[in-house]
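Quick caveat, the model's predicted, so the values are computed rather than measured. Order of the sequence lines sets the chain letters (A, B, ...), proteins ahead of strands, with each chain counted from 1.
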Amino acid sequence: MTEPLAPQYDPSAIEAPLYAWWQERGFYHVDANGAGEPYVIQIPPPNVTAVLHAGHGLNNTIQDVLIRFERMRGRRALWVPGTDHAGIATQNVVEKLLAKEGLTRFDVGREAFVERVWSFVHETGGQILDQLKALGASCDWSRTYFTLDADLSRAVREVFVRLHEQGLIYRGKYIINWCPRCLTALSNEEAEKEETEGRIWHLRYPLADGSDSLVVATTRPETMLGDTAVAVHPDDPRYAGLIGKHLRLPLVGRLIPIIGDDAVDPAFGSGAVKVTPAHDQTDFEIGKRHDLEQLNIMTPDAHLNDAVPERFQGLERFEARKRVVAEFEAEGRLVKVEPHRHAVGHCYRCGTVVEPRLSDQWFVRMQPLAAPALAAYRDGRVSFIPERQGDNYANWMENIRDWCISRQLWWGHRIPVWYCDAEGCHTTIVARETPTRCTACGGTVTQDEDVLDTWFSSWLVPFSSLGWPDETEDLAAFYPGTTLVTAPEILFFWVARMIMAGLEFRGEVPFRTVYLHGTVRDTQHRKMSKSLGNGIDPLEVIERFGADALRYTMVSGMAVGTDLILDPADLESSFAPGRNFANKLWNIGRFLLGHLEAGVAPIDTVAAVDLTLADRWILARASEMITTATQHYERYRLNDAVAAVYHFLWSDLADWYLEQVKPRLYGNVSGGETARAVAAHVFDIALRMLHPVMPFVTETLWKRLPGSGPDATISLAAWPVGADGRADAAALGDFGALQALVGAVRVLRAEYAVGPGAMVNVTVVDPSEAVQRAIAADADTIRRLAKIESLVVGAAPTEAGGTIVLDDRTTVIVPLGDLVDIEKECARLGGEAGKLEQLVSAQEAKLANENFVSRAPAAIIAKEREKLDAWRAQSATLREKRAALGCTD
RNA sequence: GGGCGAAUAGCUCAGCUGGUUAGAGCGCCUGCCUUACACGCAGGAUGUCGGGGGUUCGAAUCCCUCUUCGCCCACCA
């Protein structure tokens, strides 16, 4: 508290120790039975192997702003952190490490591999949580969870078993999205559709009797090797006679029937569709309806298997495509090839083109879970910001499809299903506790090989992180949560499913508000990504500019519902404003605190009569700022909130109030004590209002304010609520007049290049009421800030001077003798006059418009008349001045 | 193929329910190392609010349409 502050703020010296102190004091730990209404945010758990990127930076900054805001408002603010075991992603990382040793997971074996992943996670995992600390995230770290922890695994089993008991989980052979690289099934959400410039091949199939042929179109010709029918629309007259006949499948020679099915669109292509039930969703369904053979022609890694003619066996799928097309061409059966845009699924983890594959998988029946989740949105129990995201949610819920939850991975929650080993027993056990014996025959059992989709554990986090399935105190206190902050990309993966799980297992939505923020992009509006190399490393930004600067830029740069555009090639332009703001704050503090060491009186002990115009003004501005910034925080308009505080601190407090107050602090002038009290009071307010966005610098300065004490933290200080009773709106107008007067003199000084040290004389002619009051209240400040030797109110001086018409009456004249160029002055005033006259005539026309006068509200008309009067008066004054100067047009 | 969003100063963007002489930060120009801050201070320039039509007394703001970007969803082979 006593060592002097350096002239420049150095965040790197301050942030880490300060964070350590917060943590050591346990300020952000929240008990189940504390005081205050709970406010709960669940972090979107980052992958355990993740490294902090700009998206995390944005997401967690927003959460921290909200949690700090609510904490200061007296809520029992709990931010629950955790990491996700991220099945595919983590397994891939470890497999890559193995590959460097020339090994695959199959070489190592399941048990050893899982061991290996665990040790990898223990060694390097969770580093992102430390990186969040560098960002300033005020999580309750004592509650950190990992989705593969024993507790959360228990919740997963409980949910699986309950859903199974309710008949909502089933196993079956269906077409699923298969990643041939990761060798696992994916959910629909995990298969990312991308518009792709592809081709469509038209192939001719002959009738078995050779009498005729028809043409089918396909984007994946290699699948024809698995065709077991060709379908046409039953009402299509072109094919009316062909239904029931057979075709001879080229290259293979197999006989396949022509069938009629409503799913075929006669208008598309030739109106005939090759049917490959084992390799296409639609074809699978057609196949079911017609009892067609499901011929699987591919191995798990997408090579052709022995179900195809020998010459194709073992070919990789795209290689096979070329061969098939070539043979069709050679046989003269390739009718045409056309370019074709279509959506192709890609694995969301490795980008490989997904192969629809027929396989045995576990599914969750979603419709019964979706109905209540949709209702909760419709009746407002959960709402979205921005609102339009709710439509997305509703649309997905309405068209929900069953969720494929089994993954052919080793890293994850093993499916809690066991099969009896005994021949002929066929008993399947679905259980919370691992069984040792078959319940039917007492024989040995073997657990299902598959693990569950990662999201099958993360959708439970709002309650599993609080101890469920036990009815813990935490659960009672902190479920349901309040706000969820995340990126729109995981609306379906995670948000929608959490709502379903919350309703199903707790009977209540897991949070009331879902704030979906934008994406961080580069200046070409591309998403930041490792592969594009256009990312911004938040840790580098923190190192160079400070965490507060990073947070400031993220918050101020993004309005609700918009993306955040940053230039990775020019960090300076993005983050210097935040650094500069922190430095400004630091210097305000440096200046003020130096004057407060002797102690400062609490604001409520200051008598109203002792308050100067400037005091009353800054108090009034502080009140306004509290109201507007608080409203913006409440409405998630964080950019507006921080802008309001920024403007108050920089443009009001630093630029005007501190300048006004200097003599009172430095000199032996009366009013010093009042100035200190007011300055300390409004600075304290502003620090609190800014703390959610810039926690480090605000805490550092706040702790040095007299009265804070070494144990106090701004993060638990009360949120400023209201106006000081002595702040009055009149001060806003009067101090505004003072500012305008000073500004006018400064403009004239600049206009005529009056040297910075030179003093000028100023005559104010016919001052308005507000200007009169300003001069009466604080002529000293006006003189000092505008460097005025003598300030007089009276008639215009005879000496030539620069002139500014301030308002409808007031004229400010700075006599400058030879410095004044009359022609230039006339031109300048003429320009002003011209602008005003345009305004006046436009305004006159408006008020002469019968329609306007009769239809516009009275208040608007009155306002417009006032404007006209003011402009007319100002214009008249300008004319007079020009006449006095002898200006000619 | 559906659904949605965006187009405002050189750049990144505000402008919430229609009435401001259309704003901020950065950048740019001029002058200042004024004892809190040159990461600063004072002053300044820059916009037919994407094009066209409409509603209205009044439109950056509401409606239609076009253009250009972007996002989400979709089993048309």
Mind checking the [atom1] distance from [N] to [M]? Whole angstroms is fine.
N: B/G51; M: B/G10; atom1: P; value: 14 Å
N: B/C49; M: B/G15; atom1: C1'; value: 11 Å
N: B/U67; M: B/G50; atom1: C1'; value: 8 Å
N: B/G27; M: B/C11; atom1: P; value: 15 Å
N: B/A74; M: B/G52; atom1: P; value: 39 Å
N: B/A9; M: B/C76; atom1: C1'; value: 48 Å
N: B/U30; M: B/U17; atom1: C1'; value: 43 Å
N: B/A14; M: B/U20; atom1: C1'; value: 14 Å

Can you tell whether the side chains of A/Arg220 and A/Asp280 come within less than 4.0 Å, N to carboxylate O?
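Looking at A/Asp280 together with A/Arg220, the answer is yes, because their closest N to O distance falls below 4.0 Å.
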Protein-nucleotide distance ([X], atom [atom1]; [N], atom [atom2]), rounded to Å:
X: A/Lys867; N: B/U21; atom1: NZ; atom2: C1'; value: 8 Å
X: A/Glu659; N: B/C37; atom1: CD; atom2: P; value: 11 Å
X: A/Leu748; N: B/G44; atom1: CG; atom2: C1'; value: 14 Å
X: A/Ile385; N: B/C16; atom1: CD1; atom2: P; value: 17 Å
X: A/Glu866; N: B/U21; atom1: CD; atom2: C1'; value: 16 Å
X: A/Lys863; N: B/G18; atom1: NZ; atom2: P; value: 14 Å
X: A/Gln389; N: B/G3; atom1: CD; atom2: P; value: 17 Å
X: A/Leu741; N: B/G43; atom1: CG; atom2: P; value: 13 Å

Name the residue from A/Ile256, A/Val275, A/Val264, A/Ile259 that meets the side chain to side chain contact (heavy atoms under 4.5 Å, CB included) definition with A/Val230.
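Going through the options one by one, the only one that passes is A/Ile256.
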Can you confirm whether A/Asp567 sits close enough to A/Asp522 that some side-chain heavy atom of one is under 4.5 Å from a side-chain heavy atom of the other?
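Side-chain contact under 4.5 Å: no.
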Step through the shown structure and confirm whether more than 12 heavy atoms of other residues, nucleotides or ligands are within 6.0 Å of [atom1] on [X].
X: A/Lys824; atom1: NZ; result: yes
X: A/Lys867; atom1: NZ; result: yes
X: A/Glu543; atom1: CD; result: no
X: A/Glu398; atom1: CD; result: yes
X: A/Arg199; atom1: CZ; result: no
X: A/Gln838; atom1: CD; result: no

Closest approach of A/Tyr377 and A/Asp391, non-hydrogen atoms and distance?
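Scanning both residues completely, I find the closest heavy atoms to be OH-N, 3.7 Å.
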Minimum-distance pair of heavy atoms, taken over all atoms of A/Arg551 and A/Val693
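Reported closest heavy-atom pair: NE-O, 2.9 Å.
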Do the side chain of A/Asn583 and the main chain of A/Gln8 share a donor and acceptor less than 3.5 angstrom apart?
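Such a contact is absent between A/Asn583 side chain and A/Gln8 backbone.
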[X], nearest nucleotide to its side chain (from [options]):
X: A/Trp871; options: B/U21, B/C13, B/A14; result: B/U21
X: A/Lys787; options: B/G19, B/G43, B/U34; result: B/U34
X: A/Ile565; options: B/U12, B/C37, B/G44; result: B/U12

May I ask you to say what A/Pro857 touches in the nucleic acid, namely base, sugar-phosphate or nothing, with a heavy-atom cut-off under 4.0 Å?
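Since a base atom lies under 4.0 Å of A/Pro857, the category is base.
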Summary of protein contacts for nucleotides 72-77 of chain B, nucleotide by nucleotide, where a base hit scores B, a sugar-phosphate-only hit scores S (4.0 Å, heavy atoms)
SSBBBB
Any strand: nucleotide that pairs with [N] via Watson-Crick or wobble, under 3.5 Å:
N: B/U55; answer: none
N: B/A6; answer: B/U68
N: B/A24; answer: B/U12
N: B/U34; answer: none
N: B/G1; answer: B/C73

Do A/Arg635 and B/C16 share a donor-acceptor pair, side chain to base, under 3.5 Å?
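In this structure, the two groups form a donor-acceptor pair.
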For B/U34, does either OP1 or OP2 sit under 4.0 Å from a side-chain N or O belonging to A/Arg784?
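Checking B/U34 against A/Arg784, no side-chain N or O comes under 4.0 Å of OP1 or OP2.
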So, OP1 or OP2 of B/A14: does either fall under 4.0 Å of a side-chain N or O from A/Thr562?
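So the side-chain polar atoms of A/Thr562 do come within 4.0 Å of the phosphate oxygens OP1 or OP2 of B/A14, strictly under.
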Which of residues 573-589 of chain A have a heavy atom under 4.0 Å from RNA chain B?
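Here the set is A/Pro577, A/Arg579, A/Asn580, A/Asn583, A/Lys584, A/Asn587, A/Ile588.
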Please tell me which of A/Arg388 and A/Glu864 maps to the more 5' nucleotide of RNA chain B, matching each residue to the nucleotide holding its nearest heavy atom.
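Result: A/Arg388.
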Nearest-nucleotide comparison on RNA chain B, the residue closer to the 5′ end among A/Phe852 and A/Trp650:
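Final value for this comparison: A/Trp650.
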